[in-house]
Amino acid sequence: MNYYELLGVEQNASKEEIKRAYVINSQHSENNATNEMKKALLILTDPLSRIQYDRTLVSEQLPSHVKSLQALKAMNFYDRLNVNTYANQDTIKRSYYDQVKVYSNEVYPDHFILIREAYEVLSNPTERKKYSAQLHQEQTTHSSANEPPQPLPKPDPPIGLAQLRAMNYFERLNMNPYASQEKMKENYYQQIKRFNNELYPDHFLLIKEAYEYLSDPEKRRNYLIQLNLTSSEQHVHSRDVEPEYEYRTPQTYIEESHGYPTLGWIIAILGSFIFTPALAIPLGLIVGMGFKRALKTVGTLIVIGIIILFVIALFS
């Protein structure tokens, strides 16, 4: 029987109600029972003692799905949040909210403090790394006292760190440069599964750096131009191409606009009057169309002229 039941009052009874119940019950009780009632009176009328007693009472009357305070205190931080040691930050955050629903601060304040303590450490990457190393050392020491040590082999990364660092951002995400944002996000999640933050933290940072940069459409566009991707590469990957990323590089514009047509016409016309058409027209072609295109055009005209002369000579 707890002290509230001993005095015959509700758990939310006021101090005056507790005193009145003590006076009434102590008159009809034996000496031993009176001593227990006196102890109950002293605890329940002192605010701090009553709070502590209420907490103890709640912990003794826990539902089946709620762990005792001693059991929760004996757990490591990962077990308190019900996650494994390789869980990412989103999983830890979700599990923390699930646990505080069970161990509410209003109902189980001591349990809540232990849950909060675990979350504050595991949500901080630096503190989590230190705690994980300490936990691993404790587990290794404990196991070595009972049985021969069994080293935990760390698997080799799928790609070496130097090789991954030398890749461009698209290659790090193992994606087509012209793929959609959704496809890029899907590839990013696949890559961080391969390069787990706990096992390969340096690899993980390189993957995250690429994703964060390419998530910005403007930065991605500039990065495509910087890589100087050609139209032939775009054709190879045409099944994943989206119109919003079919950008043309500055090199393409240079090749298409390396002539000055207006200036070429001026040189050809004025030069024909000032000098001679034989010199002015070819010079105008070179300026207006560019040297390579002008050379092709002149060559084509010469061939056509030779053919015409040959036909005329044949039929004359």
Side-chain angles (χ1 to χ4, degrees), residues 159 162-188 190-191 206-207 209-316:
I159 300 175
Q163 184 181 355
L164 188 65
R165 187 178 283 115
M167 292 179 177
N168 63 49
Y169 287 165
F170 297 106
E171 291 171 343
R172 289 183 191 177
L173 296 178
N174 193 27
M175 63 172 285
N176 183 328
Y178 299 96
S180 64
Q181 292 290 91
E182 291 75 15
K183 180 68 176 175
M184 180 180 68
K185 190 173 183 180
E186 179 183 338
N187 281 37
Y188 168 67
Q190 291 175 357
Q191 289 297 83
L206 293 177
I207 298 297
E209 176 192 10
Y211 177 71
E212 289 180 348
Y213 191 90
L214 297 180
S215 296
D216 187 330
E218 183 65 24
K219 289 183 179 179
R220 178 175 175 173
R221 174 184 176 279
N222 293 334
Y223 191 69
L224 277 170
I225 296 174
Q226 190 178 19
L227 289 178
N228 195 21
L229 300 177
T230 61
S231 59
S232 61
E233 291 173 331
Q234 180 179 349
H235 178 71
V236 171
H237 305 291
S238 59
R239 62 179 180 178
D240 289 332
V241 175
E242 289 195 357
E244 57 178 333
Y245 295 117
E246 294 181 9
Y247 299 111
R248 306 178 73 182
T249 63
Q251 184 66 26
T252 306
Y253 291 113
I254 292 172
E255 291 178 354
E256 293 180 356
S257 61
H258 55 301
Y260 302 92
T262 304
L263 184 60
W265 278 105
I266 293 173
I267 292 174
I269 294 172
L270 293 180
S272 298
F273 289 101
I274 298 174
F275 302 107
T276 173
L279 178 63
I281 291 175
L283 185 61
L285 285 174
I286 293 173
V287 174
M289 303 176 65
F291 181 76
K292 290 184 178 180
R293 293 176 63 188
L295 188 62
K296 290 180 181 178
T297 303
V298 172
T300 303
L301 292 175
I302 291 173
V303 171
I304 293 173
I306 292 173
I307 293 173
I308 293 173
L309 290 175
F310 178 76
V311 172
I312 293 173
L314 185 64
F315 289 98
S316 61

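Here the structure is a predicted model, which means the values were calculated and not measured.
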note = Note: Leu173 and Leu214 closest approach over all heavy atoms is CD1-CD1, 4.0 Å
ask   = Taking only residues at least two apart or on different chains, which pairs with a member in residues 210-219 satisfy side chain to side chain donor-acceptor pair (under 3.5 Å)?
value = none
inquiry  = With rounding to the nearest 0.5 angstrom, report the CE to CD distance, Met175 to Gln190.
reply    = 11.5 Å
Pair listing, salt bridge (Lys or Arg N to Asp or Glu O under 4.0 Å) test, anchored in residues 169-181, at least two apart = Arg172-Glu209
query = Do Phe170 and Arg220 have side-chain heavy atoms sitting under 4.5 Å apart?
reply = yes
query = If every non-hydrogen atom of Asn187 is compared with every non-hydrogen atom of Asn174, which pair is closest and at what distance?
reply = ND2-O, 2.6 Å
key: Atom pair CG/CD of Leu206 and Gln163 - distance to nearest 0.5 Å   = 12.0 Å
ask   = Taking only residues two or more places apart in sequence or in another chain, which ones pass side chain to side chain contact (heavy atoms under 4.5 Å, CB included) with Ile306?
value = Ile302
